[in-house]
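Letters A, B, ... mirror the listed sequences (proteins, then strands); counts begin at 1.
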There are 2 protein chains.
Amino acid sequence: MSATMRDIAEQLGLSVVTVSRALRNYPDISTETKKRVTDLACKMRYRPDQVARSLVTGRTHVWGLIIPDLTHAFFVEISKGVDSVAAPDNHIIIVDSEGDRKKEASEILTLLGRKIDGLIAAPVQETYAGSNFDILDEEGIPYVLVDRLLKRHTANAVVCDNIRIGQMVTEHLIGLGHRRIAHINSPGFEVSRLRQKGYQTALKSHRLPCLAEWIVSGGIDERGGYQAARRILGLQPRPTAIFAINDRAAIGAMKAILEKGLRIPEDVALVGSSNIPNADVLRVPLTSVDQRPWETGRKAAEILRNAIENRRQKNAPQQIVLQPTLIIRDSCGSELPTA
Amino acid sequence: MSATMRDIAEQLGLSVVTVSRALRNYPDISTETKKRVTDLACKMRYRPDQVARSLVTGRTHVWGLIIPDLTHAFFVEISKGVDSVAAPDNHIIIVDSEGDRKKEASEILTLLGRKIDGLIAAPVQETYAGSNFDILDEEGIPYVLVDRLLKRHTANAVVCDNIRIGQMVTEHLIGLGHRRIAHINSPGFEVSRLRQKGYQTALKSHRLPCLAEWIVSGGIDERGGYQAARRILGLQPRPTAIFAINDRAAIGAMKAILEKGLRIPEDVALVGSSNIPNADVLRVPLTSVDQRPWETGRKAAEILRNAIENRRQKNAPQQIVLQPTLIIRDSCGSELPTA
DNA sequence: CTGAAAGCGCTAACAA
DNA sequence: TTGTTAGCGCTTTCAG
């Protein structure tokens, strides 16, 4: 068993309280005593019991982080950003909501039972009234949403400018001479709705047509992107570019395009989003969008830390919107030879 | 503030103990009382305070997981495997050792302070006597090593058969007709030493030469792989195949090879290991090795759970070796036209 | 400068 | 079937 403060106190003929204060370097303990205490603590390999400490202080120095899928490098980056401010004083418990609203709800409850100091979450899209996060407001546990925003805009949040993503990608393709630009979206995700809006805005502002059949519901995974792309490639006349909601879908689309014997970008230009690892060394290096996941996590963590520190005064919720960057690679091509 | 058992007890005119037992469904509480208690608990949204519970039970239901880098999908898979048995009763705190032995040591100490029930770790390679994990033995906290093994073979561990990896890859290349096979290794990693041993064993058993200059120290990242490959490509006569210690290094090598205007696999065959995501859609689909990270995590977690449950009787440490699988894609090529 | 008393929220032993 | 007593290891408040 590990040593407790009581062990130290007894060996030194002191009270536990004195030991406690000596270890925390209180000014009202003599240097002499402090030294005796810290020396013995060191020798006995004393480590404070955080559980006991938490029970009395009401702080665990544990943060919850709920994300829908850790196999997306995007969320790993967010978690690294969070950890960059959480460490070394706080630990993070990462839980996977698997995109399931029910699971998210129950995970929030179990995290509350653990008395986490705060929570950061990429929320599962809210499809009906009533939020899983309301309970956090009720209990006064600070939280910050990342990547996705809930309908109700009263929470702390750090997101990327999704409209801008759609707009930026589309305008780039337009600038390259494309006139028939398809879009693989994922209805049900607010994020997708916004990117699509940006896409449509860009087309409109350039007075380009935006046919309904060009927008195909695919989903955020490779499989969905593959199927959606196949539908798009069957259209007459064929779109000359595809903007996929994310890189996973884009990779699915890439497979579909190449499988059909078409070339990227010569026959079909392709753009994704989230800038996955190795995007530069794919069969066709993928033009994508840096959504700043690390900064998202870092910023969210800063807001959270602040909220935890000043828990008494309820500050107005902060909403940060980060600006995305287009990462141009081969898959979008350069200017079209024939517009 | 959230409700406590005391609130329930007072409202019902019961003692806290009765409430406690009613909630945990003890047989010696009347059905009547149980119902009253659980109903009120539900109505008051009572959630047990895990911190308080831990203090008395001595169990936190928190497991530590130390890995060197979460941006390797490999370790994410391990963590998912772990979680598949940990959930829903236990939470996992993942900490990044960043491959730094000092950091690993201090992380272990802070996790101990949190009174974790057990630990799973991909240990930083031990370069000198004395292990960061000794303290766990002393404190009687069960732990399981994954992916990498420490020198001292007395701990629970789940690893992939690394010698087999080297052997399997090399024999496959030999079978394809290659006679000059280079290897990018990463000295300092036991894992690398073993894979290299497998590589050498395979060459030897086929009575093939194994020139010292064919083994180039690169490291486990892309940059190292790139530089090592450049050295290899400069050799005369040039090796016809490269076995890289892992996929990251392989990708670096791929860049180096293509940059030189050489073709993969026609001019130089390439094999990595760990089977990264999207290996099938790289510029040259990469032949790699499935090291079974998910099973590694799962198995380790099962051993850990078992050890936690039977903490009293010290069971003999278990060492599991998982068998790797070769995933053949384009980069290794098919049979060489001219042997 | 140090200690005694109280308590965080819960569970384990023993009594009634 | 329920309650009383004690205590997990620590910090906070108040006395000395």
Side-chain angles (χ1 to χ4, degrees), chain A residues 1-38 40-41 44-62 110 112-117 139-140 311, chain B residues 1-38 40-41 44-62 110 112-117 139-141 311-312:
Chain A
M1 292 314 284
S2 50
T4 72
M5 291 200 331
R6 200 169 126 180
D7 300 328
I8 298 176
E10 278 174 1
Q11 286 209 28
L12 255 35
L14 290 170
S15 76
V16 173
V17 192
T18 307
V19 173
S20 171
R21 281 189 292 218
L23 288 172
R24 283 175 300 152
N25 201 25
Y26 265 47
D28 59 357
I29 302 287
S30 72
T31 333
E32 161 82 27
T33 310
K34 269 184 196 166
K35 184 160 167 38
R36 290 192 3 184
V37 169
T38 49
L40 184 56
M44 297 178 79
R45 299 251 214 75
Y46 171 78
R47 270 165 289 108
D49 182 327
Q50 297 300 340
V51 174
R53 183 175 273 179
S54 295
L55 187 60
V56 38
T57 61
R59 286 200 41 183
T60 54
H61 293 276
V62 173
T110 59
L112 279 176
R114 288 225 179 268
K115 303 287 160 185
I116 52 169
D117 289 344
E139 304 269 338
R311 215 174 342 178
Chain B
M1 290 315 284
S2 50
T4 71
M5 290 202 330
R6 198 170 129 180
D7 300 327
I8 299 177
E10 279 174 1
Q11 287 208 27
L12 256 36
L14 291 169
S15 77
V16 172
V17 188
T18 306
V19 173
S20 171
R21 282 189 290 218
L23 288 172
R24 283 176 300 154
N25 200 27
Y26 265 48
D28 58 357
I29 303 288
S30 73
T31 335
E32 161 79 28
T33 310
K34 268 184 195 166
K35 184 160 167 39
R36 290 203 316 152
V37 169
T38 50
L40 183 58
M44 296 179 79
R45 300 250 213 78
Y46 171 79
R47 269 166 291 106
D49 182 327
Q50 297 300 340
V51 174
R53 182 174 272 181
S54 296
L55 187 60
V56 40
T57 62
R59 287 199 43 183
T60 52
H61 293 275
V62 173
T110 59
L112 279 176
R114 289 225 179 267
K115 303 289 159 184
I116 52 170
D117 289 344
E139 304 269 338
I141 306 296
R311 214 174 342 179
R312 30 204 59 186

Q: To the nearest Å, how far apart are R21(B) CZ and dG9(C) C1'?
A: 16 Å

Q: Would one find a side-chain N or O of T18(B) under 4.0 angstrom from OP1 or OP2 of dT2(D)?
A: no

Q: Between dC8(C), dC1(C), dT2(D), which one does the side chain of D28(A) approach most closely?
A: dC1(C)

Q: Counting only side-chain heavy atoms from C-beta out, which of dT2(D), dT2(C), dC10(C) sits nearest to I29(A)?
A: dT2(C)

Q: For the backbone of P48(B) and the side chain of R53(B), can you confirm whether one donor and one acceptor N or O come within less than 3.5 Å of each other?
A: no

Q: Between the side chain of T60(B) and the main-chain N/O of S54(B), is any donor-acceptor distance below 3.5 Å?
A: no

Q: Under 3.5 Å, side chain of T33(A) to main-chain N/O of I29(A), donor-acceptor pair present?
A: no

Q: Take the protein atom CZ of R59(A) and the nucleotide atom P of dG9(D), then report the distance between them rounded to whole Å.
A: 23 Å

Q: R53(B) has a side chain; which of dC10(C), dG9(C), dT1(D) sits nearest to it?
A: dC10(C)

Q: Rounding to an integer number of Å, can you tell me how far L55(A) CG sits from dG7(D) P?
A: 17 Å

Q: Heavy atoms only, 4.0 Å cut-off, all strands: where does D49(A) land among base, sugar-phosphate and nothing?
A: sugar-phosphate

Q: Across the strands shown, which category fits G113(A) at heavy-atom distances under 4.0 angstrom: base, sugar-phosphate, nothing?
A: nothing

Q: Report yes if at least one side-chain N or O of T57(B) is closer than 4.0 Å to OP1 or OP2 of dC8(D); otherwise report no.
A: no

Q: Take the protein atom CZ of R114(B) and the nucleotide atom P of dG9(D), then report the distance between them rounded to whole Å.
A: 18 Å

Q: Look at E139(B) together with R47(A) and state whether they make a salt bridge at an N to O cut-off of under 4.0 Å.
A: yes

Q: As a test of understanding, state which of V62(A), V56(A), L55(A) forms a side chain to side chain contact (heavy atoms under 4.5 Å, CB included) with V51(B).
A: L55(A)

Q: Between dA12(C) and Y26(B), is there an OP1 or OP2 to side-chain N/O distance shorter than 4.0 Å?
A: yes

Q: Heavy atoms under 4.0 Å, any strand shown: does T33(B) hit a base, just sugar-phosphate, or nothing?
A: sugar-phosphate

Q: On the nucleotide dC10(C), are OP1 or OP2 found under 4.0 Å from the side-chain N or O atoms that S20(B) carries?
A: no

Q: Could you tell me how far apart L23(B) (CG) and dT11(C) (P) are, to the nearest whole angstrom?
A: 8 Å

Q: How many Å lie between NE2 on H61(A) and C1' on dC10(D), as a whole number?
A: 13 Å

Q: Round to the nearest Å and state the distance from R24(A) atom CZ to dT13(D) atom P.
A: 11 Å

Q: Please classify the nucleic acid contact of V16(A) as base, sugar-phosphate, or nothing, using heavy-atom distances under 4.0 Å.
A: base

Q: Mind calculating the distance between NZ (K115(A)) and P (dC8(C)) to the nearest angstrom?
A: 13 Å

Q: Is there a side-chain contact between S15(B) and the phosphate of dT2(D), meaning an N or O under 4.0 Å from OP1 or OP2?
A: no

